[in-house]
Amino acid sequence: MELSSRKILLLFAHPSLDRSQINRKLFEASQEIEGVTCVDLYYEYPRYHIDVDREQQRLREHEVVIFMFPLYWYSTPSILKEWQDLVLEYGFAYGANGWALQGKLFLCALTAGAPESAFRAGGENHYRIEELLRPIEQMAVTCRMQYLPPFALFDAIGSAQSNRIQQHVRQWQAVLRGLREHRFELSEMQAGFKLNDIVRQPMDPEG
């Protein structure tokens, strides 16, 4: 039996979008993919007055949830933490009766200013990116979601001065289409340190 396409909810957080060289391109490229609902949280909630009922309904209507953001001080921009605190309520997302998110796929799509070599023991940032994302991983686990490794671009500033951005955007669109159309095995996605590993080679954006 053919599986129905997954609906994807992309929650985007960039507090200085007018200065973004990469995240803006990724967000705009995501909007081109059918079946992806793209939400700019800073645009929708400039005063942080998050509509909890609206956000919970969005979660109910989608099978994949993505946080897209630049890494700020080893974490997310603040509105994503506010979103977690308010939207992922006991009895909705976790707890005895909190089954609304059970089985949904979750991942982070992030950019980091430092090169990947800085994210390791002995490196400038001491920890691998998956270690820094443990609190978000535990959030997903507590909400009974299936956590996937992040899709990450390192050395974001340097990549803006090279041809890496275009390839990264193409790979990201391939990830979105693959998630939507069940092209990747769950075990394959969960096996790597980064989701980039499953689309390492340049891919046709329509592929």
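Model, not experiment: these values are computed from the prediction.
Using a 30° and 60° split on the angle between ring planes, Phe119 and Phe154 fall in the tilted class, from 30° to 60°.
Between Ile165 and Leu26, the closest side-chain pair of non-hydrogen atoms is not below 4.5 Å. Contact annotation: the side chain of Val65 never approaches that of Leu10 to less than 4.5 Å [non-hydrogen atoms, C-beta and beyond]. Residues Phe106 and Ile136 have side chains in contact (heavy-atom distance under 4.5 Å, counting atoms from C-beta outward). Side chains of Phe151 and Gln171 form a contact here, defined as non-hydrogen atoms less than 4.5 Å apart.
The existence of a salt bridge linking Arg134 and Glu137 is confirmed by a sub-4.0 Å separation between a basic side-chain nitrogen and an acidic carboxylate oxygen. The pair Glu116-Lys194 meets the salt-bridge criterion, with a side-chain N (NZ, NE, NH1 or NH2) lying under 4.0 Å from an Asp/Glu carboxylate O. A salt bridge links Glu130 with Arg128: the distance from a Lys NZ or Arg NE/NH1/NH2 to an Asp or Glu carboxylate oxygen falls below 4.0 Å. Salt bridge present: Arg54 and Glu44 bring a charged side-chain N and a carboxylate O closer than 4.0 Å.
For Phe12, the ring pair (Phe, Tyr, Trp, His ring centres under 6.0 Å) criterion is met by Phe27, not counting sequence neighbours. Not a single side chain to side chain contact (heavy atoms under 4.5 Å, CB included) links His126 to another residue, sequence neighbours left out. Residues passing the ring pair (Phe, Tyr, Trp, His ring centres under 6.0 Å) test with Tyr43: none are found, sequence neighbours excluded.
Heavy-atom neighbours of Glu124 CD from other residues, nucleotides or ligands within 6.0 Å: at or below the threshold of 12.
For Phe67 and Trp83, the gap between ring centers is short of 6.0 Å.
Donor-acceptor pairing under 3.5 Å is recorded for the side chains of Tyr48 and Ser78.
The line from NE2 of His14 to CZ of Arg24 is 9.0 Å long, rounded to the nearest 0.5 Å. Here the straight-line distance linking atom OH of Tyr147 with atom OG1 of Thr142 works out to 13.0 Å at 0.5 Å rounding.
When each of Arg58, Glu82, Gln56 is tested with Val87 by the rule side-chain contact (heavy atoms from CB on, under 4.5 Å), just one qualifies, namely Gln56.
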